[in-house]
Amino acid sequence: MTLSPKDASVLTRELCALAPIVPVLVVEDAAVARPLAEALVAGGLPALEVTLRTPAALDVIREMAQVPGGHVGAGTLITPQDVWAAKEVGATFGVSPGATDALLAACEEADLPLLAGAATATEAMRLLVRGYDMLKFFPAEASGGAPALKAIGAPLPQIAFCPTGGVTPDNARSYLGLPNVICAGGSWVAPKGLIETRDWAGIETLARDAAKLGASA
């Protein structure tokens, strides 16, 4: 079965709507994967993006995929090989910094919903023509931040975004208050220091605080 871009966008919208923040995770040790995911899910952030930036990333996804209530995706998908590897270990969605025809085709063939990255109106329009209307705005702050995303949304109101890259607790509300933003990606909910000290209670607290951002937007 091949996943259509329209169906993929419906699925990614549903995932993005689960919570205002999607944790963007860079995890070095698979041994911490399950308790980390459990803490984030318990804090109200069920959609998790594990970036493929470490040697342990695929093992991390495999462990997190077993946590009840969690939806684990693979971030930094670049090649078709990344897509199939992520699918094999249990990723239920993918996230990419940009989009190529080869990457989109692989995700469709693998039935892996993709949150494809776009930073300009042209990139967003090309993805919309293919059928994708739920996108990642990346790198958000470097691309002009909330004002730029608001401007893009004026002529393209049918596209929704998850801004990622430079989003913090201080500026998250400026994004989440936009009509074309469903959620935002953030790494602050799982800082390296708390992961290294196994402070799962601390991470759960950060997740709870992040889960309240949507109501304040």
Side-chain angles (χ1 to χ4, degrees), residues 2-17 20-26 47-53 73-87 91-168 171-172 174-187 217:
T2 298
L3 184 68
S4 73
K6 181 178 180 180
D7 289 340
S9 290
V10 169
L11 292 170
T12 52
R13 277 180 183 258
E14 291 175 350
L15 286 168
C16 287
I21 300 298
V22 174
V24 179
L25 308 171
V26 181
L48 312 173
E49 176 191 343
V50 177
T51 63
L52 299 185
R53 300 182 193 174
T76 325
L77 294 181
I78 305 296
T79 68
Q81 291 76 18
D82 293 336
V83 172
W84 292 107
K87 180 77 173 182
T92 56
F93 67 98
V95 185
S96 63
T100 65
D101 289 338
L103 181 67
L104 295 171
C107 286
E108 292 159 11
E109 185 179 352
D111 292 331
L112 188 70
L114 178 67
L115 186 63
T120 67
T122 297
E123 292 171 351
M125 289 167 62
R126 285 175 174 166
L127 285 162
L128 180 62
V129 167
R130 185 158 177 147
Y132 291 87
D133 61 12
M134 179 68 226
L135 307 178
K136 170 183 174 178
F137 181 57
F138 177 84
E141 282 293 286
S143 299
L149 190 51
K150 180 179 180 180
I152 289 174
L156 299 171
Q158 64 271 59
I159 302 178
F161 291 91
C162 170
T164 304
V167 179
T168 69
N171 64 22
S174 67
Y175 288 103
L176 295 170
L178 298 177
N180 59 337
V181 169
I182 293 180
C183 66
S187 60

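Nothing fancy with the numbering, it's 1 onward along the sequence. Computed from a prediction, not measured in an experiment: that's the story for all the values here.
Summarising the geometry, atom CG belonging to N180 is positioned 4.5 Å from atom CG belonging to L149; distances are rounded to the nearest 0.5 Å. To the nearest 0.5 angstrom, C183 atom SG is 11.0 Å from K136 atom NZ. Atom CD1 of I21 sits about 11.0 Å away from atom OH of Y175, to the nearest 0.5 Å. Once rounded to the nearest 0.5 Å, the distance linking OG of S9 with CG of L115 reads 9.0 Å. Between the CG atom of D133 and the CZ atom of R13 there is a distance of 4.5 Å, given to the nearest 0.5 Å.
Residues that satisfy the salt bridge (Lys or Arg N to Asp or Glu O under 4.0 Å) test with D82, not counting sequence neighbours, are absent from this structure. In this structure, the salt bridge (Lys or Arg N to Asp or Glu O under 4.0 Å) partners of R130, at least two apart in sequence or on a different chain, are D101, E108.
For the pair L114/S96, a side-chain contact is recorded, criterion being any heavy-atom separation below 4.5 Å from C-beta on. Side-chain contact between V83 and L103 is present, with heavy atoms from C-beta onward closer than 4.5 Å. At least one side-chain heavy atom of L3 sits less than 4.5 Å from a side-chain heavy atom of P113. The side-chain heavy atoms of L127 and L104, taken from C-beta on, include a pair separated by under 4.5 Å. Looking at C162 and M134, their side chains come closer than 4.5 Å, going by heavy atoms from C-beta outward. In this structure, P97 and I78 have side chains that are in contact, with non-hydrogen atoms separated by less than 4.5 Å.
Of the possible donor and acceptor atoms, one in the side chain of E123 sits under 3.5 Å from a partner among the backbone N and O of A119.
Listed here is the closest heavy atom pair of A47 and V22: O-CG1, 3.4 Å. Across all non-hydrogen atoms, the minimal contact from V181 to P163 is CG1-CD, 3.7 Å. Between F137 and A148 the shortest heavy-atom distance is CZ-CB, 4.3 Å. Scanning both residues, A118 and A124, for their nearest heavy atoms gives CB-N, 3.9 Å. Summarising the geometry of F161 relative to I152, their closest heavy-atom pair is CZ-CG2, 4.1 Å, with the distance given to 0.1 Å. For the pair V167 and A184, the tightest heavy-atom approach, listed with the atom from each and the gap, is CG1-CB, 4.0 Å.
No side-chain donor from either of N171 and S174 sits under 3.5 Å from a side-chain acceptor of the other.
Checked options T92, L11, L77; the residue passing with L112 is L77 (criterion: side-chain contact (heavy atoms from CB on, under 4.5 Å)).
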